[in-house]
Amino acid sequence: MALAGMLGRLAMAPFTRALPPIGDTERAALEAGTVGFEGRLFAGRPDFDALAAVGPNRLTADEQSFLDNEVRALIAMLDDFAIDEEGDLPAEVWQFMREKKFFGMIIPREHGGLGFGHFAHAAVVTRIATVNVAAAVTVMVPNSLGPAELLLHYGTDAQKANYLPRLADGRELPCFGLTSPYAGSDAASIPDRGVLVERQLNGRTVRGFIVNFDKRYITLAPVATVVGLAFHAVDPDRPEGEQELGITCALVPVPTEGMTIGSRHRPMNSAFMNGPIRGKDVFVPMDWVIGGEATVGQGWRMLMESLAAGRAISLPALGSSMQQSALYIANGYGRIREQFGLQISRFHAIAGLIARMAVELYASDAARRYTAAALDAGERPSVASAILKVHLTEAGRRAVNHGMDILGGKAIIYGPKNLLGIGYRQAPIAITVEGANILTRALIIFGQGAVRCHPHLLAEMAAVERRDGDALGRALLGHIGHLLRNLWASLVSAPVIGSPPADLAKEARLIARVSAKYALTADLAMGLLGGRLKRMELLSARLGDVLSYLYMAAACVWRYQVEGEPKMQPFARAAIRLHLDLAAATLRDLYANLPSRLLRFVSPLILRGTRHLAPLRDRDLIALADALREDRSLIARLCPDVGVPSTGGLRDLMQALELAEPVADEVPELNRVLRRTSSLEHAATKSRDPAAALAYLLAADRVIQVDEFAQRE
């Protein structure tokens, strides 16, 4: 095509200057995983039929049985306060997790594991974490990014046969060493090096690496029996400039000569095992390299491909557990605790917080469930997994903070009756690990998303790299058409593609409109700033945030459609409106900070209609909070994973809420008598069922009381 060729030749020089160079490690990250619905949002063309085609989430009979039996039994063994005090899980808990194959959920049955899907894996971690985070992390790590995942996809047959059955039944407990003191977020720059050598072992010559390494923050390291290790491989016998072979992953058994392991870090003084690993002249035979000699130097690609899926499961599960626990506790405590003669959940300041917690939970859990369904369908959505990691862990932290505010003094007194204190202390851990949120938000969601999700940018970059003018011209023509479509949709009318639920048709139109405005804005920002945008992290973070908010809003449409729960419609609608309002506000901030007077001048035209997205009003929040207080089934729908511990403050709260049901209409009067007489027994006599009333009042008193400790002499 002559026009394409001419256009490509004209554009080659300016595009070569504008597009940032891509290194090998960045290329591996960009090529990892797949693009799902987030790509349609980035292009400004969300297709609601394509959205509905994913899922719904399903559990097999074996997965459901495991949740109903093994997980329930494990939760009953967990005393959150005692574990936190002891700094470790009880021996019987460790043994139970091994026997019931909690460490082998992702390992296929043919290798001795449970062969669970991603949704089941996430459900197990979430339920355990609502009762005890240390146990959840202990289960999470062997099933997340680590030796089992890498072996399944890249290991040799001999490595799989040796390790997978032993990992599945807990005979081997793994950890994975990546982070170094001088390479945290910049993990690709780890200084740990392995030099290729030959050694005589048992009368034969063995090729391998002499590795020196210093790793820290490694979860399960103090108790691990096998260490997954990432290091830079070097072949000194190659010509200068060809000696660096690349990051390589290996499995090192414990103990191995030269490796020091066993001491602990204490992240926020949590009870889960975490610690450093160091090695001095450790010999790693080629048989220990995951995949053998053929995969030497392929470690970064292997890690990025594994992270594309794993990052969407484990830490989002912890974020969801924080949200579910905090909402359940805040709403339940708000029903039991009275001040000024009223349940505290009736005060608008508290009701507004509870309602917002519920709305955020509906959206974040919708995104988590949708992404799990996509994973179970065979996708590996790298950009969506980064969105979940950031926004669900942040939502978990916000929910715990709100819960602490609502509980007041009850929340800050240490002891087994405390309902949120341990979770509050541990919330920053999820924010920090597997790619710190500040990095992932600023650099990865949009930085990676722009290249992966844009319908034409990757083709343009590939054409420039190959110096192929015809291919660049074809990509540019497509890009121009894409830009014009989104300009029309932004200024005139954005079409709704597919058939969203009738109850959310208006919200679907708003999603389509904001998506088109976002797609146009992303193109304008990239066209204006080129490669500089990668370094302008505040702008890049805003662009990533808008994509994230759109993804959460779209997931709410999906969740409402696949679950078919009419009572949840107000929460779905509120969640969509909330996230679209956040997206619009972020777009306005973005334009206000773009270094272009022209774009700032035309921004009111581009963003026309975004100031009237009907965000949550006070009356909406109060109505939602009233519904949560009056209809317990709503909390059950929003917080299905909250486990039932055998002891502690959460157990006390659950019992009090259950015992409140028979005397619910009498509770205000019972509390009035109690305040006047200070006698639980006398107050109970005023009930039509004194025994039921006394049982409730005693249970409520246990919830209201806090722990006391004798003063040390």
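Position 1 is the first residue of the sequence; numbering continues from there.
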Salt bridge present between Arg127 and Asp641 (N-O < 4.0 angstrom) = yes

Counting N and O atoms only, with roles assigned by atom type, does the side chain of Asn418 sit under 3.5 Å from a partner on the main chain of Ile413, one being a donor and the other an acceptor?
-> yes

Of all heavy-atom pairs between Ser515 and Pro46, which one has the smallest distance, and what is that distance?
-> OG-CD, 3.6 Å

For the side chain of Lys389 and the backbone of Ala430, is there at least one donor-acceptor N/O pair under 3.5 Å apart?
-> yes

Cation-pi check, Arg559 to Tyr362: give yes when NZ or CZ is under 6.0 Å from the six-membered ring centre and within 45° of the ring axis, no otherwise.
-> yes

Got a second to check how far Ile350's CD1 is from Asn331's CG, nearest 0.5 Å?
-> 11.5 Å

Walk me through it: do Asn274 and Tyr217 pass the test side-chain hydrogen bond (donor to acceptor under 3.5 Å, both in side chains)?
-> CA-CA 6 Å; Asn274 186 282; Tyr217 309 153; over 6 Å; no

Does the pair Glu669/Lys686 count as a salt bridge with the N-to-O cut at 4.0 Å?
-> no

Value rounded to 0.5 Å, distance of OH in Tyr518 from CG in Leu550 | 8.0 Å

Under 6.0 Å between the ring centres of Tyr551 and His391?
-> no

Does the pair Arg368/Asp365 count as a salt bridge with the N-to-O cut at 4.0 Å?
-> yes

Does Arg542 come within less than 4.0 Å of Asp545, counting only side-chain N to carboxylate O?
-> no

Could you tell me whether Glu360 and Arg356 have a side-chain N and a carboxylate O separated by less than 4.0 Å?
-> yes

Looking at Glu63 and Ala120, what are the two nearest heavy atoms and their distance?
-> CD-CB, 3.4 Å

Does Gly117 offer a backbone N or O that forms a donor-acceptor pair with the side chain of His121 under 3.5 Å?
-> no

Least distance between heavy atoms, Pro267 atom then Ile429 atom | O-CD1, 3.5 Å

Give a yes or no answer on whether the side chain of Thr393 reaches the backbone of Ile431 with a donor-acceptor pair at less than 3.5 Å.
-> no

Between Phe66 and Phe102, does the ring centroid distance fall short of 6.0 Å?
-> yes

Where do Asp689 and Ser687 land on the side-chain hydrogen bond (donor to acceptor under 3.5 Å, both in side chains) test, with the steps shown first?
-> CA-CA 5 Å; Asp689 187 343; Ser687 170; 5.9 Å; no

Under 3.5 Å, side chain of Asn132 to main-chain N/O of Ile128, donor-acceptor pair present?
-> no

Carefully, step by step, assess Phe81 and Asp707 under the rule side chain to side chain contact (heavy atoms under 4.5 Å, CB included).
-> CA-CA 12 Å; Phe81 180 75; Asp707 295 286; over 6 Å; no

How many angstroms lie between atom CG of Leu607 and atom CG of Leu590, to the nearest 0.5 angstrom?
-> 9.0 Å

Ile438, CD1 atom: more than 12 neighbouring heavy atoms under 6.0 Å | no

Among Thr586, Ile576, Leu580, side-chain contact (heavy atoms from CB on, under 4.5 Å) partner for Tyr549 | Thr586

Under-4.0 Å salt bridge between Glu666 and Arg688 = yes

Take atom CD in Glu86; do more than 12 heavy atoms of anything else shown fall under 6.0 Å from it?
-> no

Residue pair Gly403 / Leu420: nearest heavy atoms and the distance that separates them = C-CD1, 3.5 Å

Check against side chain to side chain contact (heavy atoms under 4.5 Å, CB included), Arg637 and Glu563 = CA-CA 10 Å; Arg637 293 294 303 167; Glu563 291 184 352; 3.4 Å; yes

Is Leu538 close to Asn593 at the side-chain level, that is, under 4.5 Å between some pair of heavy atoms?
-> no

Determine, stepwise, if the pair Gln324 / Ser320 fulfils side-chain hydrogen bond (donor to acceptor under 3.5 Å, both in side chains).
-> CA-CA 6 Å; Gln324 291 188 46; Ser320 178; 3.0 Å; yes

Salt bridge check: are Glu338 and Arg675 linked by an N-O gap of less than 4.0 Å?
-> yes

So Ile313 and Val125, side chain to side chain contact (heavy atoms under 4.5 Å, CB included) or not? Walk me through it.
-> CA-CA 9 Å; Ile313 298 297; Val125 174; 5.8 Å; no

When rounded to the nearest 0.5 angstrom, what distance separates CG in Asp79 from OG1 in Thr647?
-> 3.5 Å

Is there a donor-acceptor pair under 3.5 Å between the side chain of Thr130 and the backbone N or O of Gly643?
-> yes

Is Ser65 reaching over with its side chain to a backbone N or O of Ala61, donor-acceptor style, under 3.5 angstrom?
-> no

Counting distance only, does the side-chain N/O of Ser144 pair as donor-acceptor with the main-chain N or O of Val141 below 3.5 Å?
-> no

Electrostatic pair Glu394-Arg441, nearest N-O below 4.0 angstrom | no

So do Phe48 and Gln561 actually touch side chain to side chain, heavy atoms under 4.5 Å?
-> no

With a 4.5 Å limit on heavy-atom distance, are the side chains of Arg398 and Gln323 in contact?
-> no

Can you establish whether the number of heavy atoms outside Phe340 located under 6.0 Å from its atom CZ is more than 12?
-> no

What is the distance from atom CG of Leu41 to atom CD1 of Ile387, rounded to the nearest 0.5 Å?
-> 8.5 Å

Greater than 12 external heavy atoms within 6.0 Å of Glu565's CD = yes

Measure from the side-chain N and O atoms of Arg588 to the backbone N and O of Thr610, and report whether any donor-acceptor pair falls under 3.5 Å.
-> yes

Side-chain contact test, heavy atoms from C-beta onward, threshold under 4.5 Å: evaluate it for Ile635 versus Leu327 and give yes or no.
-> yes

CE of Met268 to CD1 of Ile422, rounded to nearest 0.5 Å, is 12.5 Å

Mind listing the closest non-hydrogen atom pair of Ala555 and Tyr370 along with its distance?
-> CB-CB, 4.4 Å

Specify the closest pair of heavy atoms between Phe96 and Ala73, including all atoms of both residues, with the distance to one decimal.
-> CZ-CB, 3.8 Å

Between Tyr560 and Asp503, do the side chains contain an N or O donor and an N or O acceptor separated by less than 3.5 Å?
-> yes

Taking the side chain as every heavy atom from C-beta outward, state whether Trp94 and Thr138 have any pair of such atoms under 4.5 Å apart.
-> yes

Any chance you could lay out the side chain to side chain contact (heavy atoms under 4.5 Å, CB included) test for Leu74 and Met97, step after step, and finish with the verdict?
-> CA-CA 8 Å; Leu74 174 62; Met97 291 192 295; 4.0 Å; yes

Note, Met77 side chain near Pro90 side chain (heavy atom, < 4.5 Å) = no

How about Glu92: does its CD atom have over 12 heavy atoms from other parts shown lying under 6.0 Å from it?
-> yes

Hey, is Asp80 close enough to Arg651 for a salt bridge, meaning N to O under 4.0 Å?
-> no

Sidechain N-carboxylate O distance under 4.0 Å for Asp84, Arg425 = yes

Are the side chain of Ser345 and the backbone N or O of Gly334 linked by a donor-acceptor pair below 3.5 Å?
-> yes

